[in-house]
Amino acid sequence: MITLDAIGTFALIVGLLTLTPGLDSALILRTAALRHRRRAWGVVLGIQSGTLVWGVLTSLGVTTLLTASHLAYETLRWAGAAYLVWVGGRLLWATWRVPSIESPRTAETGGGTRTRTGAGDTLLGGWRQGFATNLLNPKMGAFYVAVLPQFIPSGASHLAPGVLLAGVHILLAVIWACALIAFAHALRDRLQRPSARRHLDRITGTVIAAFGIRLALGQ
């Protein structure tokens, strides 16, 4: 059985990783700040679904093939990089395409129920975005391959302890996501102005695209 000390040490490692500003936090903050609460929770659930998948695959030894096979790792890396640059680029393009005189509601919905980036405030839409962002990140898989086995007792079944540790990671990430969404909710009134929303989208788009470029460069 996995020990409490091992769980505590793992929680400390992934807790620090969760608190480090990054792509996941940027996506959640941006989505929640625009009052897309359902989509924000969809993003959270999608990201954590990806974390669970990485945990299960690592426990089963499948992700070892990812780090052992240069072709598999490179394929996933370039797919992830292309996806992130595409998402970030769409956000940036939308900020220049929408007229500055557009009303807050029009800028948000485009006169209907969809946002400037073409994604409505739906739980499923957010889930797809969060899941794809997490699952197409090979560094997430490499992290689990490097860290997770160190906390699983030798000679024991890897699946149950691996899922338990992934669950610890998910729990901490969800708690952090709650804090991010609450923070974004507190700023919601300031972000109703079109200029504020454009600046937020430009910052988020730049962060996402930069992560994609860094991933493509192998950094």
Side-chain angles (χ1 to χ4, degrees), residues 1-64 66-67 76 80 84 121-154 156-188 204 207-208 211:
M1 291 292 295
I2 188 169
T3 65
L4 290 177
D5 287 342
I7 294 176
T9 303
F10 180 81
L12 178 62
I13 293 173
V14 296
L16 292 174
L17 177 67
T18 300
L19 292 175
T20 302
L23 176 60
D24 293 350
S25 296
L27 278 175
I28 295 169
L29 270 175
R30 185 261 173 189
T31 308
L34 296 182
R35 286 190 172 181
H36 300 156
R37 180 164 293 187
R38 286 177 298 177
R39 185 175 179 86
W41 280 112
V43 170
V44 173
L45 293 175
I47 291 171
Q48 302 320 316
S49 296
T51 299
L52 181 60
V53 169
W54 281 120
V56 171
L57 293 179
T58 302
S59 302
L60 296 175
V62 176
T63 49
T64 305
L66 178 65
T67 56
L76 185 59
L84 293 178
D121 183 18
T122 64
L123 189 72
L124 181 59
W127 182 89
R128 285 198 299 261
Q129 185 180 30
F131 186 69
T133 300
N134 187 286
L135 207 61
L136 288 175
N137 184 1
K139 292 188 176 182
M140 185 68 178
F143 171 80
Y144 263 61
V145 169
V147 174
L148 202 65
Q150 300 182 34
F151 295 92
I152 298 178
S154 58
S157 172
H158 285 194
L159 182 59
V163 171
L164 173 61
L165 292 174
V168 171
H169 188 182
I170 290 171
L171 176 61
L172 294 175
V174 169
I175 293 174
W176 177 238
C178 290
L180 291 175
I181 291 174
F183 175 73
H185 182 71
L187 296 178
R188 66 191 186 281
T204 307
V207 169
I208 295 174
F211 269 91

For F143 and L17, what are the C-alpha separation, side-chain angles and deciding distance, and is it a side-chain contact (heavy atoms from CB on, under 4.5 Å)? CA-CA 10 Å; F143 171 80; L17 177 67; 3.9 Å; yes
Stepwise, does the side-chain contact (heavy atoms from CB on, under 4.5 Å) test hold for F151 with I13?
CA-CA 11 Å; F151 295 92; I13 293 173; 3.7 Å; yes
Run the numbers on I47 and I28 for side-chain contact (heavy atoms from CB on, under 4.5 Å), then give the verdict. CA-CA 10 Å; I47 291 171; I28 295 169; 4.3 Å; yes
message = Between I2 and I152, does the side-chain contact (heavy atoms from CB on, under 4.5 Å) criterion hold? Intermediate values first, please.
response = CA-CA 6 Å; I2 188 169; I152 298 178; 5.5 Å; no
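Between G22 and F211, the closest heavy-atom pair is CA-CZ, 3.7 Å. Minimum heavy-atom separation, L135 to G50: CD1-O, 4.3 Å. Closest non-hydrogen pair, V168 versus A11, comes out as CG1-CB, 3.8 Å. What you find for Q48 and A173 is that their closest heavy atoms are NE2-CB, 3.3 Å. Across all non-hydrogen atoms, the minimal contact from P149 to A146 is CD-C, 4.4 Å. Taking all atoms of both residues into account, the shortest heavy-atom contact from L29 to F183 is CD2-CD2, 3.9 Å.
With values rounded to the nearest 0.5 angstrom, L171 atom CG is found 12.0 Å from T51 atom OG1. Atoms CZ and CG, on R39 and L123 in that order, are 10.0 Å from each other to the nearest 0.5 Å. Put simply, CH2 on W176 and CD1 on I181 are 12.0 Å apart, with the number rounded to the nearest 0.5 Å.
A side chain to side chain contact (heavy atoms under 4.5 Å, CB included) with L84 holds for exactly one of N137, L23, V207; it is L23. Of the candidates L148, V53, L165, T58 forms a side chain to side chain contact (heavy atoms under 4.5 Å, CB included) with just one, namely L148.
Residues W54 and N134 bring a donor and an acceptor atom of their side chains to less than 3.5 Å of each other.
With hydrogens and angles disregarded, no donor-acceptor distance shorter than 3.5 Å links the side chain of Q129 to the backbone of G125.
Atom CG of L4 has 12 or fewer neighbouring heavy atoms from other residues, nucleotides or ligands inside a 6.0 Å radius.
Note: H169 and Y144 have parallel aromatic rings, judged against thresholds of 30 and 60 degrees for the angle between ring planes.
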